[in-house]
Amino acid sequence: MKKPDKVLVQRVGLYLTIAIAGLALLLGAYCLIAHRSVLSVIQNLWIALVFALIASVSTAVRDHRADAE
């Protein structure tokens, strides 16, 4: 199995950081508007959070491959 290069790892890290920051803002706003605790929101929306993070990683890998060509 081929070792991922440093640029790919940095890009995935950047995309994940941006996604987590955006999701944190979204969750914070939802908790304030709906007057619900963070844990109850995460329990209800965990699958959506997982899909968002998977999409972030796959986008980073796709962009890296496009730049490599």
Side-chain angles (χ1 to χ4, degrees):
M1 191 169 160
K2 205 167 85 170
K3 182 179 171 185
D5 59 343
K6 187 176 180 179
V7 175
L8 175 61
V9 173
Q10 289 175 343
R11 183 173 288 193
V12 168
L14 175 67
Y15 279 48
L16 280 175
T17 302
I18 293 169
I20 290 170
L23 289 170
L25 289 172
L26 181 68
L27 281 175
Y30 181 76
C31 290
L32 288 174
I33 292 170
H35 302 290
R36 297 178 66 187
S37 71
V38 175
L39 290 178
S40 68
V41 172
I42 290 175
Q43 286 176 350
N44 293 330
L45 298 176
W46 69 269
I47 194 72
L49 299 174
V50 169
F51 282 137
L53 295 177
I54 290 171
S56 174
V57 171
S58 64
T59 302
V61 172
R62 183 198 65 206
D63 289 351
H64 180 73
R65 287 182 182 165
D67 288 346
E69 291 177 354

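Every value quoted in this text rests on a predicted model; they were computed, and no experiment measured them.
- Grouping the Ile, Leu, Val, Met, Phe, Trp and Tyr side chains by contacts below 4.5 angstrom, directly or via other members, places Val38 with Leu45.
- Looking only at distances, a side-chain donor or acceptor of Thr59 sits under 3.5 Å from a matching main-chain atom of Ala55.
- The two atoms that bring Tyr15 and Ser56 nearest to each other are O-OG, 3.0 Å, heavy atoms only.
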- Message: Determine whether Leu49 and Leu27 satisfy the following criterion, side chain to side chain contact (heavy atoms under 4.5 Å, CB included), listing intermediate values before the conclusion.
- Response: CA-CA 10 Å; Leu49 299 174; Leu27 281 175; 4.2 Å; yes

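- Hydrophobic clustering of Ile, Leu, Val, Met, Phe, Trp and Tyr side chains at less than 4.5 Å, counting indirect connections, keeps Leu32 apart from Leu26.
- Of all the heavy atoms in His64 and Arg11, the pair that sits closest is N-NH1, 3.0 Å.
- Nearest approach of Val41 to Cys31, heavy atoms of both residues: CG2-SG, 3.7 Å.
- Listed by first and then second residue, the side chain to side chain donor-acceptor pair (under 3.5 Å) pairs that reach into residues 27-42 are Tyr30-Arg36, Ser37-Ser40, sequence neighbours excluded.
- Transitive grouping of hydrophobic side chains (ILVMFWY, heavy atoms separated by less than 4.5 Å) keeps Ile18 and Val61 in distinct clusters.
- Residues Val50 and Ile20 fall into different hydrophobic clusters, defined by Ile, Leu, Val, Met, Phe, Trp and Tyr side chains chained together at heavy-atom separations under 4.5 Å.
- Here CG of Asp67 is found 10.5 Å from CZ of Arg62. Values are rounded to the nearest 0.5 Å.
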